[in-house]
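Single-structure report; data block below.
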Amino acid sequence: QVQLVESGGGSVQAGGSLRLSCTISGRTFSNAMAWFRQAPGKEREFVAAIVGNGRSTRYDDSVKGRFTISRDNAKITLFLQMNTLKPEDTAVYFCAVGLRSDSNAYPFSRASYDYWGQGTQVTVSS
């Protein structure tokens, strides 16, 4: 049984920083690991992914240069360092892992991921 638990969300003012963590149990290897977010009334959208056994990262243009995705060497914790936060970053943030061989191929797609966490709220005030 694979379980993902996010933590680190909270409320900050614009320009501030937060670091999200996602602890993964029940699986030590994942082909792709990612963060998505969902704002009220909107679709869940891709934020960042780490693929290729950690050799490569992908970011949505809206967060590039401000967010950094990383994982620990044992691959059991995924992180998202968020700097220079903006009000439009307000959302529930979800971590996800993809176990299939093709999970690396389409890291931007929700369909590439097999397990999801429950989400953690991030609120950025102006």
Side-chain angles (χ1 to χ4, degrees):
Q1 182 78 13
V2 179
Q3 291 186 320
L4 287 70
V5 178
E6 301 97 337
S7 62
S11 297
V12 295
Q13 290 191 326
S17 298
L18 284 173
R19 189 189 197 211
L20 304 184
S21 299
C22 174
T23 301
I24 303 164
S25 60
R27 184 82 181 195
T28 57
F29 176 77
S30 301
N31 277 317
M33 306 168 75
W35 290 95
F36 284 73
R37 66 186 180 187
Q38 187 167 16
K42 294 189 176 182
E43 294 283 323
R44 191 171 298 187
E45 64 179 16
F46 171 79
V47 175
I50 190 163
V51 299
N53 200 27
R55 289 191 293 269
S56 182
T57 56
R58 302 284 189 274
Y59 295 93
D60 183 76
D61 287 345
S62 66
V63 306
K64 205 171 289 185
R66 300 187 298 121
F67 291 11
T68 302
I69 188 171
S70 63
R71 68 182 190 191
D72 68 2
N73 290 335
K75 306 179 193 177
I76 58 174
T77 306
L78 182 69
F79 302 101
L80 185 68
Q81 178 66 44
M82 306 186 295
N83 298 328
T84 320
L85 282 160
K86 304 175 180 180
E88 51 264 43
D89 295 318
T90 296
V92 178
Y93 283 70
F94 299 89
C95 62
V97 297
L99 308 180
R100 291 161 282 148
S101 58
D102 62 351
S103 294
N104 283 321
Y106 305 101
F108 308 102
S109 171
R110 288 177 290 174
S112 294
Y113 299 92
D114 304 289
Y115 294 95
W116 295 79
Q118 293 299 307
T120 185
Q121 176 70 47
V122 172
T123 302
V124 185
S125 59
S126 57

Practice prompt. Could you check L85 against Q13 for side chain to side chain contact (heavy atoms under 4.5 Å, CB included), going step by step and ending with a plain yes or no?
Written response: CA-CA 8 Å; L85 282 160; Q13 290 191 326; over 6 Å; no
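- Note on V92 and V63: separate hydrophobic clusters, where clusters join Ile, Leu, Val, Met, Phe, Trp and Tyr whose side-chain heavy atoms are under 4.5 Å apart, directly or indirectly.
- Criterion: ILVMFWY side-chain heavy atoms under 4.5 Å apart, direct or through other members. Under it, V51 and F79 are not part of a common hydrophobic cluster.
- Taking CG from L4 and SG from C95, the interatomic distance works out to 4.0 Å, rounded to the nearest 0.5 Å.
- To the nearest 0.5 Å, atoms CG (L80) and CZ (F36) are separated by 12.5 Å.
- Atom CE of M33 is separated from atom CG of N104 by 11.5 Å, given to the nearest 0.5 angstrom.
- Scanning all heavy atoms of the two residues, the minimum distance from G98 to Y113 falls at N-CD2, 3.6 Å.
- For E88, the CD atom counts as densely surrounded, since its 6.0 Å shell holds more than 12 non-hydrogen atoms of other residues, nucleotides or ligands.
- In this structure, K42 places its NZ atom where only 12 or fewer heavy-atom neighbours from other residues, nucleotides or ligands lie under 6.0 Å away.
- No continuous path of ILVMFWY side-chain contacts below 4.5 Å connects F46 to Y93, so the two sit in separate hydrophobic clusters.
- Residues G26 and V2 share a closest heavy-atom pair of O-CG2, 4.0 Å.
- Scanning both residues, A32 and S103, for their nearest heavy atoms gives CB-O, 3.8 Å.
- Considering all non-hydrogen atoms of both residues, R58 and P107 come closest at CG-CG, 4.0 Å.
- Y59 places a side-chain N or O within donor-acceptor distance of the main-chain N or O of I69, the cut-off being under 3.5 Å.
- Considering only residues two or more places apart in sequence or on other chains, Y106 meets the ring-ring contact (aromatic ring centres under 6.0 Å, His included) condition with none of them.
- Side-chain contact between N31 and S112 is absent, with no heavy-atom pair separated by less than 4.5 Å.
- Nearest heavy atoms, T84 versus D89: O-OD2, 4.4 Å.
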Practice prompt. Mind running side chain to side chain contact (heavy atoms under 4.5 Å, CB included) on D60 and V47 for me, showing each step along the way?
Written response: CA-CA 5 Å; D60 183 76; V47 175; 5.7 Å; no
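- Going from atom CG of L20 over to atom CD of E6 covers 8.5 Å, rounded to the nearest 0.5 Å.
- Counting only distance, with no hydrogens or angles, the side chain of T123 and the backbone of T90 share no donor-acceptor pair below 3.5 Å.
- In this structure, the separation between CZ on R37 and CD on E45 is 4.5 Å, given to the nearest 0.5 Å.
- Rounding to the nearest 0.5 Å gives a distance of 6.5 Å between OG1 of T57 and CD1 of I50.
- Taking each heavy atom of A14 and P87 in turn, the nearest pair found is CB-CD, 4.1 Å.
- A cation-pi arrangement is found for R44 relative to F94, the charged atom lying closer than 6.0 Å to the ring centre and inside a 45° cone about the ring normal.
- Between the side chains of S21 and R19, no donor-acceptor pair of N or O atoms lies under 3.5 Å.
- Separation of the W35 and F67 ring centroids does not fall under the 6.0 Å cut-off.
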